[in-house]
Amino acid sequence: MPRLLSGFFALLWIVGCSPGSSERHQTLYVFGTLLEVTAYGAGADDFDRAVRGLEEALQQMHRQWHAWQGEGELVRLNRALAEGRILQVDAQLAGLLRRAQVYARQSDGLFNPAIGRLIALWGFHADEPPTGPPPDPAAIAALVRQAPGMADLEIAGRWISSDNPAVQLDLGAFAKGYALNLAIERLRGQGIRNAIVNAGGDLCVSGRHGDRPWRIGVRHPQGQGVIASLDAADGECVLTSGNYERYREFAGVRYAHIIDPRSGYPVRHVASATVISPDGALADAAATALSVAGPKQWRRIARRMGLKLVMLVDEQGRVWLTPEMRARVHFEGTPPPFSVTPLDRDAPAPLPPPP
Ligand code: ADP
Ligand code: MG
């Protein structure tokens, strides 16, 4: 996957907290990006020990879940799927894939981590952003016709197979959220109860910042600075997908790294989608799915995924958000034009969450 924890630019960061003696920071370089761990009220030794253990666990995930580099579980699995072989993977990857199947179904396939071939075709299976003209339209159309989807994946315990050889898995859209949740749990297990783990702007929090909640800022997708700030409650994750983060630029057109699986082309209408949920993997998958859904369809997909706290910023800078999200965010400076809309009640009821 292109940089599991992608983006060097923080979309969100902790605002309004001047480092005091009660606050501790460490920055790790994992998944090809910077990951900042902040804790409040922890002892220096406890914090250092916990962060060292965390770094090792995250490096291990990076190795196992990379879509195109090394010899981890996912690289082995993608090879087996391409060759039509069944493969036994470790329990954690099998669990992750089972979740991905649910998110894919809930999002009507807009979140589709089986489109690894399309992502590679667009040049995003590389550490550097791609250059040059977009791929041959015929090649894109051929991959779309093969329709790789998570429903093609047969998961029997830890045994994985697919009868669609076009399925190639790329966990880049949601493994980060999953890893952030695990990181917070791990820190809690080590006695670090008040913390933020922030990977390139996507984050999960635990506890509080002393006598107040953790306060974070959401970066403006079209400029510098913060578009809104919000208080994140104990156990919440805030995940943002943005089409400005990684893209190919050619002849004045930007081609984002988020691909609409229906057309095979990058999304155009959404600049960023932000989702808050205690489930980081769900929030991450949803932020990607809602970026694909765009201003016309996001309310239906958000309801299907069981979300309430959602905000989209479109290419014109208009903000779309749920009443619940409106109650959480404070716009910074002059508020942008925004529309508060409840989720689509006519959409089918939410699908059940993963077991
Ligand atoms: P970021 O990693 O920048 O926060 P996302 O969470 O949206 O952004 O993940 C984008 C990555 O997900 C892409 O780089 C690609 O690897 C993968 N991807 C792109 N489009 C889709 C899609 N429709 N469904 C699932 N994964 C996708
Ligand atoms: Mg995502």
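Basis for what follows: all heavy atoms, side chains included, without hydrogens, waters or symmetry-related copies. Counting starts at 1 for both ligands and their atoms, in listed order.
With A104, A286, A173, G109 as candidates, the residue nearest to atom 9 (O) of ligand 1 on a non-hydrogen basis is A173. Here the shortest heavy-atom distance to atom 21 (C) of ligand 1, taken over L171, V267, I115, belongs to I115.
The shortest N/O to N/O separation between D284 and ligand 1 falls below 3.5 Å. Ligand 1 has no nitrogen or oxygen under 3.5 angstrom from a nitrogen or oxygen of I119.
For the Mg ion (ligand 2), protein N/O/S neighbours under 2.8 Å (waters excluded) are A173 O, D284 O, D284 OD1, T288 OG1.
Side-chain contact check for W214 and D231: no donor-acceptor pair (N or O, by modelled atom type) lies under 3.5 Å.
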Tell me, with the steps shown, if E332 and S229 meet side chain to side chain donor-acceptor pair (under 3.5 Å).
CA-CA 7 Å; E332 299 288 314; S229 62; 2.9 Å; yes
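The proximity of S291 to ligand 1, defined as any non-hydrogen pair under 4.0 Å, does not occur for either the backbone or the side chain.
With sequence neighbours left out, D234 forms a salt bridge (charged side-chain N to carboxylate O under 4.0 Å, His left out) with R188.
Residue T240 has at least one heavy-atom neighbour below 4.0 Å for each of these atoms of ligand 1: 4 (O).
Residue C237 comes nearest to L239 through the heavy atom pair CB-CD2, 3.7 Å, listed as atom of the first residue, atom of the second, then distance.
Clustering ILVMFWY residues whenever any of their side-chain heavy atoms sit less than 4.5 angstrom apart, transitively, puts F250 in the very cluster that holds I259.
Distances shorter than 4.0 angstrom occur between a heavy atom of F111 and an atom of ligand 1. Ligand 1 is never approached by L118 to a heavy-atom distance shorter than 4.0 Å.
In this pair, H209 and Y40 present their aromatic rings tilted. The plane angle is within the 30 to 60° band.
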Check residues 133-140 and write down every donor-acceptor pair under 3.5 Å in which the side-chain atom is one partner and the other belongs to a residue at least two apart or another chain.
residue	atom	partner	partner atom	Å
D136	OD1	A138	N	3.1

Hey, can you pull the donor-acceptor pairs under 3.5 Å for the side chains in residues 46-61, sequence neighbours left out?
residue	atom	partner	partner atom	Å
D48	OD1	Q26	NE2	2.7
Q59	NE2	Y29	O	3.3
Q60	OE1	R63	NH2	3.1

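In R268, the CZ atom is not crowded: 12 or fewer heavy atoms of neighbouring residues, nucleotides or ligands sit closer than 6.0 Å.
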